[in-house]
Asker: 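Before I ask anything, let me first share the structure, which is written out below as structure tokens.
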Number of protein chains: 2
Amino acid sequence: MQQLPARGARRGPAPPARHHVPRPAPHDAGGGGAMPAHAIVLDALRPIGTAAGIRRGRLVFAEGEPAAHWYWLASGAVQVCGFAEDGKRHVAELVLPGDLFGLEACARRGAAAEAVRDAVVVAYPRARAEALVDADPRLARAFREIACGRLHRAQACLLRLGRAGALGRVASFLLEMGERCRRGADGAVDLPVTRDDIADYLGLTSETVSRALTELRRRGAIALPARRSIHLADPAALALAKEAGR
Amino acid sequence: MQQLPARGARRGPAPPARHHVPRPAPHDAGGGGAMPAHAIVLDALRPIGTAAGIRRGRLVFAEGEPAAHWYWLASGAVQVCGFAEDGKRHVAELVLPGDLFGLEACARRGAAAEAVRDAVVVAYPRARAEALVDADPRLARAFREIACGRLHRAQACLLRLGRAGALGRVASFLLEMGERCRRGADGAVDLPVTRDDIADYLGLTSETVSRALTELRRRGAIALPARRSIHLADPAALALAKEAGR
DNA sequence: CGTGCCTTTGAAGCCTATCAACGGTCGTGG
DNA sequence: CCACGACCGTTGATAGGCTTCAAAGGCACG
């Protein structure tokens, strides 16, 4: 159990990381099968995991860095993202609690991973993790399932970015979050990200995201009870808005 | 060796498919390692593969269809794509000769695969292929490498779609094709796709793609010796144009 | 209680989609 | 071999959507 090399940063200063071993997976990315692939992999990897706290704005790993670990997000939120030369950011993947991330095949990271909320991650040394996976076909299959599922999600994002306008992207995003996020007591979705983060994820600006949310609220599709809380009042209306081209 | 269920279609009628067993991989998606992952997987899968010809415009598989096979593209070109309700298409992945595709984790296809040129594909029954992979850790690792590499490419596409404008997307696309395509005798890249296909891949229209190409030619970054041939005269200029935001 | 950051709203401008037309090329059939 | 037709590519004009620039209110945190 040792401190991770949590390098880089953009926002505020960085207090020392917390250390504690998180409990097993809070949810299983619905695989339908008998035992979810996520649970199989996490069970097997737990013995070699080390936990660390990452403050908001800090990087779990940077682009170009050696890919020495696989990661599991215990709490908080992480974005896998790239940076343009002018400092602009684009988010390739939104990582929520319970998700694995940083599963690179190459020697070096193709993108950075930034904590967008204070997060607790568990790191698994890649060499040891791969050895474990190699030794157990059942585990290998579960991992394969996760990797292909991740590819599927990325392609869904591509389809969304390619053909949908601002309203459609935001509506689609909300529906995705409705499925992936744990709902609050009143059924509202607690967004783990700011408007800026959403914008970078959808290839928009925060102003446009705000306008789209306002429009959806005007239509009665959603309600915004609190800053980070969104109530999906009319999923059908959202699904309809999703189809709106640009 | 039997006929594949090549359903669906858009363009012209469909003559009978050709049947022949293609030779081993014409190229190895540069893994750097001793033996490329592609070669390992293809060697192992060859015994259970059946070849089939797919005419341009026909589907290799349709969205929602059971994912019963893995595929390898021997020749031609294939696009993994989704269709909107209004008939608009967006391409999630461009498959070139030598690539594996259709590696779904779910029971059903999340997107369709359309031949954009007359193609020859080799199909591997998924159950038998997975059994083979399960039985050989070395094979499993190679397959994992391919899957993660594919995810990496998809995320690169996401970054491109998210932050680049038309000129940047086209420049980026040309550089990608320059790396993935086999060059002609004069060093020109032979594009396997039409302007329309490029547009659907980049989330643009064919007119905008055409304008971007004209602009790049005006800048001296490229030359267009023939309809489907593009000479990358100044890769540095292309890399520069790639960074152009919208 | 003060200070940032986040969010929302407004106005102007650029970029891209859309509609339209034309020339060129390829494939087909006479 | 030639002629025709369909498709592909290019270029222009217009409209619409999104980004950008700007400013103000609100909530959270110190």
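Quick caveat, the model's predicted, so the values are computed rather than measured. Proteins come first, then strands; the chains are lettered A, B, ... in the order of their sequence lines, and each starts at number 1.
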Asker: What nucleic acid atoms does T194(A) come within less than 4.0 Å of, heavy atoms only: base, sugar-phosphate, or nothing?
Answerer: sugar-phosphate
Asker: Looking at D99(B) and R180(B), does any basic side-chain N land under 4.0 Å from a carboxylate oxygen?
Answerer: yes
Asker: Can you tell me how far C1' of dT16(C) sits from CZ of R169(B), to the nearest Å?
Answerer: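 Spelled out: CZ on R169(B) to C1' on dT16(C) is 10 Å.
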Asker: Between E207(A) (CD) and dC21(D) (C1'), how many Å, whole number?
Answerer: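 Distance, rounded to whole Å: 9 Å.
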Asker: Charged N to carboxylate O under 4.0 angstrom, R160(A) versus E176(A)?
Answerer: yes
Asker: Would you say the side chain of R211(B) and the base of dT18(C) hold a donor-acceptor pair, judged only by whether the two atoms sit under 3.5 Å apart?
Answerer: yes
Asker: If you check the T205(B) side chain, which of dA17(C), dT8(C), dT20(D) turns out closest?
Answerer: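 Shortest atom-to-atom distance from the side chain points to dA17(C).
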Asker: Closer than 4.0 Å, any side-chain N/O of R56(A) to the OP1 or OP2 of dC5(C)?
Answerer: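 Looking at the OP1 and OP2 atoms of dC5(C), neither is under 4.0 Å from any side-chain N or O of R56(A).
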Asker: Taking the side chain of L213(B) as its heavy atoms from C-beta onward, which of dT7(C), dT10(D), dT20(D) lies nearest to it?
Answerer: dT10(D)
Asker: Should the pair R89(A) and F83(A) be classed as cation-pi, given the thresholds of under 6.0 Å to the six-membered ring centre and 45° from the axis?
Answerer: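 No, a cation-pi geometry is absent between R89(A) and F83(A).
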Asker: Which is true for T214(A) with a 4.0 Å heavy-atom rule: it touches a base, it touches only sugar-phosphate, or it touches nothing?
Answerer: sugar-phosphate
Asker: dT20(D) phosphate, OP1 or OP2: any side-chain N/O from K88(A) under 4.0 angstrom?
Answerer: yes
Asker: Just the rounded figure in Å: distance from P of dT11(D) to CZ of R218(B).
Answerer: 12 Å
Asker: Could you tell me the separation between the CG atom of L224(B) and the P atom of dC8(D), rounded to a whole number of Å?
Answerer: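 So the two atoms are 18 Å apart, to the nearest Å.
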Asker: 5'-most contact on DNA chain D: V193(B) or L204(A), nearest heavy atom basis?
Answerer: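 On the 5' side of the pair lies V193(B).
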Asker: Enumerate, atom names and distances included, each donor-acceptor pair closer than 3.5 Å involving a side-chain atom of residues 221-233 of chain B, sequence neighbours excluded.
Answerer:
none

Asker: Taking the side chain as every heavy atom from C-beta outward, state whether L202(B) and I198(B) have any atom pair closer than 4.5 Å.
Answerer: yes
Asker: Answer yes or no: side-chain N or O of R227(B) and base N or O of dC8(D) forming a donor-acceptor pair under 3.5 Å.
Answerer: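 Such a pair is found, so the answer is yes.
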Asker: Between atom CG in L216(A) and atom C1' in dT8(C), what is the gap in whole Å?
Answerer: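 It is 15 Å, rounded to the nearest whole Å.
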Asker: What integer distance in Å separates R195(B):CZ from dG24(C):C1'?
Answerer: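 Computing the R195(B):CZ to dG24(C):C1' distance gives 13 Å.
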Asker: Roughly, in whole Å, what's the span from CD in E215(B) to P in dC14(C)?
Answerer: 16 Å
Asker: Taking CD1 from I198(B) and P from dC8(D), how many angstroms apart are they, rounded to a whole number?
Answerer: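 Whole-Å distance recorded here is 13 Å.
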